[in-house]
Trainee: 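Input: one structure, supplied below.
In what follows, chains are A, B, ... by sequence order, proteins preceding strands, each numbered from 1. Any value given below was found using the heavy atoms of this structure, including those in side chains, with hydrogens, waters and symmetry copies removed. It should be emphasised that the depicted structure is a prediction, and the values quoted were computed from it without experimental measurement.
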Amino acid sequence: MRASKLNELQSQLHSQGITFAYCGCITENILTGIGSALKNKLESEDVDTRTTRSIFAVFVEQMQNIIRYSARQASTEDKRPMKESQGHSRYGILTIGQVGDDFIIHSGNLIVAADVPGIRARLTDLQNKSPEELKIAYKSQLRNLQELEEGAGVGFMEIARRTSRPIEFEFEEVDDEHTFFAIKATI
Amino acid sequence: MDALEIPATTRTPQVSFDFPAHRLRLVGESYPEDVTRFYHPLFDALDAYLQDSPPHCRFDFELIYFNSSSAKAIMLLMDKLDQAALRGCQVDVYWFHDPEDDTMEELGVDFGEDLRAVNFRLERMVV
């Protein structure tokens, strides 16, 4: 057993202000479970209602984005895009921390490289929108959806509406076909 | 038409569509695992009810939180109510929001301002 390694990992997380971390397979059931734990944790702390709800809302959207758009299945090294693979089992990382008065939610997961330009364009567009423009875009995006289950576009907008600063994001190329996508929301 | 009652779960709101009394309510939180599977029966029931041209109807949204996929479903429910109102039904929609959560209030305003014939009211939730 490597207590020192584990302790070091925990210390690293603490030193970054991270109070909540999950890394592994992400499914709808896991979202439900972690979501309940997160809610209990926030309610037990002295965090105001609006902040609590915003943290939870951003958490849900980030987890669902990972479930819908990850390139890799958790149980195998299968890197086929979601449409080609079975089920909704995806791998990712999500952390929640506090720096000063800000709550920070980070998440990261592997995506198909071909999805990078689209995601970059959407997030860059959101970064440049005022709250008023964001409201209008949110509604027109909803109007444009044909089906109920569709569109990380609205998910990103939901995150943007709930955050106090523009969403930050970064891509790190893993190989020709895959990219690690990281997103940071500040509340 | 019989009432449609569905108890709340962790991720889905309580549905209380009391069609005989013309009182419909959605209460709680909405971030279903499968938004289509949850909302389609609601759409079907509402469509069937509104097709019978009820003289009046009141719909209360008492939601604490909903995710982005549920937002589309809520918009569709409101569209159906607005269509009925345009056909002559007197429709009142009440949007209850937690006074401490202004995002939910803003969303209510956003949805409400698109309604053409519904009498839309924003109310503070008693929490």
Trainee: Within the supplied structure, the quantity of interest is the number of heavy atoms (other residues, nucleotides, ligands) at a distance under 6.0 Å from A/E172 CD; does it exceed 12?
Mentor: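 Check fails, neighbour count at 12 or below.
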Trainee: Evaluate whether atom CD of B/E5 has more than 12 neighbouring non-hydrogen atoms of other residues, nucleotides or ligands under 6.0 angstrom away.
Mentor: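 More than 12 heavy atoms, drawn from other residues, nucleotides or ligands, come within 6.0 Å of this atom.
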Trainee: Strictly by modelled atom types, are B/T103 and A/R161 linked by a side-chain donor-acceptor pair under 3.5 Å?
Mentor: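 Checked: B/T103/A/R161 side chains show no N/O donor-acceptor pair below 3.5 Å.
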Trainee: Of the backbone (N, CA, C, O) and the side chain (C-beta and beyond), which part of B/F43 lies under 4.5 Å from a heavy atom of chain A, both, or neither?
Mentor: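 For B/F43, the contact with chain A is made by the side chain alone.
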Trainee: Could B/E113 and A/K139 be called an ion pair, given the rule that one side-chain N must be under 4.0 Å from one carboxylate O?
Mentor: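 Here B/E113 pairs with A/K139 in a salt bridge, since their nearest N and O are under 4.0 Å apart.
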Trainee: What is the minimum heavy-atom distance between B/P32 and A/Q64, and which atoms define it?
Mentor: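 Scanning both residues completely, I find the closest heavy atoms to be O-NE2, 4.0 Å.
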Trainee: Does B/V27 share a hydrophobic cluster with B/M78, counting links as ILVMFWY side-chain heavy atoms below 4.5 Å and allowing steps through other members?
Mentor: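 No; B/M78 is not reachable from B/V27 via cluster members.
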Trainee: What distance separates B/T10 OG1 from A/L31 CG, expressed to the nearest 0.5 Å?
Mentor: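 Reported to 0.5 Å precision, the distance equals 11.5 Å.
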Trainee: A/K135 versus B/V109: any side-chain heavy-atom pair under 4.5 Å?
Mentor: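 A side-chain contact under 4.5 Å is absent here.
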Trainee: Would you please go through residues 53-66 of chain B and name the residues with a non-hydrogen atom below 4.5 Å from one of chain A, in numerical order?
Mentor: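 Listed by number, the contacting residues are B/I64, B/Y65, B/F66.
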Trainee: To the nearest 0.5 Å, what is the distance between CG on A/L134 and CD on B/E106?
Mentor: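 Answer for the CG-CD pair, A/L134 versus B/E106, is 9.5 Å.
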Trainee: Do other residues, nucleotides or ligands put more than 12 heavy atoms under 6.0 Å from B/E123 CD?
Mentor: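 More than 12 heavy atoms, drawn from other residues, nucleotides or ligands, come within 6.0 Å of this atom.
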Trainee: What I want to find out is whether A/R53 reaches B/D102 closely enough, with some N-O distance under 4.0 Å, to be called a salt bridge.
Mentor: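 Salt bridge absent between A/R53 and B/D102.
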Trainee: Evaluate the side-chain contact (heavy atoms from CB on, under 4.5 Å) criterion for residues B/E33 and A/N29: first the C-alpha distance (whole Å), next the side-chain angles of each, then the deciding distance (0.1 Å), finally the verdict.
Mentor: CA-CA 8 Å; B/E33 189 170 320; A/N29 279 340; 4.0 Å; yes
Trainee: Do the side chains of A/L13 and A/I55 join up, straight or via other hydrophobic residues, at under 4.5 Å, putting them in one cluster?
Mentor: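 Looking at the clustering, A/I55 is in a separate group from A/L13.
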Trainee: Roughly how far apart are B/N67 CG and A/F59 CZ, rounded to 0.5 Å?
Mentor: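 So the CG of B/N67 and the CZ of A/F59 are separated by 12.0 Å.
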Trainee: Can you tell me how far CD of A/E158 sits from CG of B/L107, rounded to the nearest 0.5 angstrom?
Mentor: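 Here the rounded value is 6.5 Å.
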Trainee: If you tally heavy-atom pairs under 4.5 Å against chain A, which of B/D79, B/D98, B/D110, B/L76 wins?
Mentor: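 Ranked by heavy-atom pairs under 4.5 Å with chain A, first place is B/D110.
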Trainee: With only heavy atoms counted, which part of A/R143 is less than 4.5 Å from chain B, the side chain, the backbone, both or neither?
Mentor: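 Both parts, heavy atoms under 4.5 Å.
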Trainee: Find out if a path of hydrophobic residues (ILVMFWY) with successive side-chain heavy-atom gaps under 4.5 Å connects B/L26 to B/L122.
Mentor: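 Per the 4.5 Å side-chain linkage, B/L26 and B/L122 are co-clustered.
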Trainee: Going through the checks in order, is the side-chain contact (heavy atoms from CB on, under 4.5 Å) test met by A/T52 and B/E100?
Mentor: CA-CA 11 Å; A/T52 300; B/E100 287 182 33; over 6 Å; no
Trainee: With the 4.5 Å side-chain cut-off for hydrophobic clustering, are A/I34 and A/I26 part of the same group?
Mentor: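 Linked within one cluster.
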Trainee: Are there over 12 heavy-atom neighbours, none belonging to B/D2, within less than 6.0 Å of that residue's CG?
Mentor: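 At most 12 heavy atoms, drawn from other residues, nucleotides or ligands, come within 6.0 Å of this atom.
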Trainee: Taking A/E61 for the side chain and B/S68 for the main chain, is one N or O donor matched with an acceptor at less than 3.5 Å?
Mentor: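 The answer is yes, because a donor-acceptor pair under 3.5 Å joins these two groups.
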Trainee: Please set out all donor-acceptor pairs under 3.5 angstrom arising from side-chain atoms of residues 100-115 of chain A, sequence neighbours excluded.
Mentor:
residue	atom	partner	partner atom	Å
A/D102	OD2	A/R165	NH2	2.6
A/S107	OG	A/Q62	OE1	3.1
A/N109	ND2	A/S70	OG	2.9

Trainee: Do other residues, nucleotides or ligands put more than 12 heavy atoms under 6.0 Å from A/D176 CG?
Mentor: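 At most 12 heavy atoms, drawn from other residues, nucleotides or ligands, come within 6.0 Å of this atom.
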Trainee: Between B/L42 and B/M1, is there shared hydrophobic-cluster membership here, with clusters defined by ILVMFWY side-chain heavy atoms closer than 4.5 Å?
Mentor: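 Same cluster: B/L42 reaches B/M1 through Ile, Leu, Val, Met, Phe, Trp or Tyr contacts under 4.5 Å.
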Trainee: Locate the shortest heavy-atom distance separating A/R50 from B/D101; write the atom from each residue and the value.
Mentor: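 Closest pair (atom of A/R50, atom of B/D101, distance): CG-OD1, 4.1 Å.
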